[in-house]
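Written out below as structure tokens is the structure these notes cover.
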Amino acid sequence: LLAADAELAARVALALAAGGRPVVPALAEALVTTSELDLRRQLVSALGATRDRRAAAPLIAAYEDVRTRAYAATALGELGERGVRDFLVRRLVDEPYTGVRAAVAHSLGRLGDRRALPVLSEAFRAEMEPEVTAAIAWSLVQLGVGRAVSRGAVLAPRAAKAAWLVFDRSGASPVTVAVQSTGAPSRVFEVDRSVPRDAYRVDLSAAEGSVKVMAPGATVLFWQEGRP
């Protein structure tokens with residue numbers, strides 16, 4: 001196809017998809033023949049919105065193009081197809097781009113497949129980028145590990161072998177104090193926000209007694225060490 005014809009075909013496929021038509025083959029073909037980047041990204045997102053398992057193959061192919069990779073990672077999670085779990089698990093381990101890695105982590109949570117828990121929990125411990133740490137924490141909560149808490153919540157992290165607090169810094173969070181121990185001796189857990197790894201999480205496993213959450217937005221993760 002000529003570039004103009006390919007672009008027209010892509011726009012027609014997108015219009016049909018927006019109208020709720022079952023157009024996975026048309027979207028997939030347009031994704032192959034269209035070179036215009038914005039259209040390609042729209043096609044990837046539209047494929048994910050179909051929630052049709054036939055979209056898995058073209059989305060995996062779109063992931064290989066670095067220009068559409070983050071869109072493909074997100075769309076695979078929207079697809080709801082558990083068969084893509086293994087693909088995303090591998091990408092969480094070896095994906096070099098931070099934004100894409102965060103999208104992959106988020107999609108693993110949306111898929112709802114608890115078999116991804118071991119890889120997610122290991123990645124949580126190893127990850128150095130706050131954006132990815134937050135995405136992994138969100139997915140762990142979606143898969144039943146941990147829960148979201150609000151300011152003032154009192155927790156008992158000693159009930160688990162490992163306990164972590166993960167911040168959501170989208171709001172106006174305090175600069176230092178994250179969690180205050182209510183046990184004896186009293187202790188304040190501080191977060192050094194100049195260090196990316198610590199800016200989003202603090203290990204609560206050393207807390208004496210219970211702890212009180214001081215940050216306005218946080219997610220608390222509890223799991224047995226090595227096994228979420």
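Values reported hereafter were calculated over all heavy atoms of this structure, with side chains retained and with hydrogens, waters and symmetry mates removed.
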L108 CG to D113 CG distance, which is reported to the nearest 0.5 Å: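 If I round to the nearest 0.5 Å, the distance is 8.5 Å.
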Joint cluster assignment, F87 & V66, ILVMFWY side-chain distance < 4.5 Å: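 Same cluster: F87 reaches V66 through Ile, Leu, Val, Met, Phe, Trp or Tyr contacts under 4.5 Å.
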If you look only at distance, which donor and acceptor atoms sit under 3.5 Å apart when one is on a side chain in residues 89-98 and the other is two or more places apart or in another chain?
from: E95; atom 1: OE1; to: Y63; atom 2: OH; distance (Å): 2.7
from: E95; atom 1: OE1; to: R69; atom 2: NH1; distance (Å): 3.4
from: E95; atom 1: OE2; to: Y97; atom 2: N; distance (Å): 3.0

Residue pair [X] / [Y]: nearest heavy atoms and the distance that separates them:
X    : Y    : value
A62  : V44  : CB-CG2, 3.8 Å
T74  : A103 : OG1-CB, 3.8 Å
R85  : A116 : CD-N, 4.2 Å
L120 : A105 : CD2-O, 4.4 Å
A102 : V132 : N-CG2, 4.0 Å
L47  : A28  : CD2-N, 4.2 Å

Is the backbone of [Y] close enough, under 3.5 Å, to the side chain of [X] for a donor and an acceptor to pair up by distance?
X    : Y    : result
S107 : A73  : yes
R41  : R67  : yes
R125 : S121 : yes

Beyond-backbone contact of P58 with E29, side-chain heavy atoms, under 4.5 angstrom: no
Validation row: R40, L31 side chains within 4.5 angstrom (heavy atoms): yes
Test side chain to side chain donor-acceptor pair (under 3.5 Å) applied to D86 - qualifying residues, sequence neighbours left out: none
Within residues 98-108 or reaching into it, pairs that qualify as salt bridge (charged side-chain N to carboxylate O under 4.0 Å, His left out) - sequence neighbours excluded: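 Counting only pairs at least two positions apart or across chains, the salt bridge (charged side-chain N to carboxylate O under 4.0 Å, His left out) contacts touching residues 98-108 are R101-E127.
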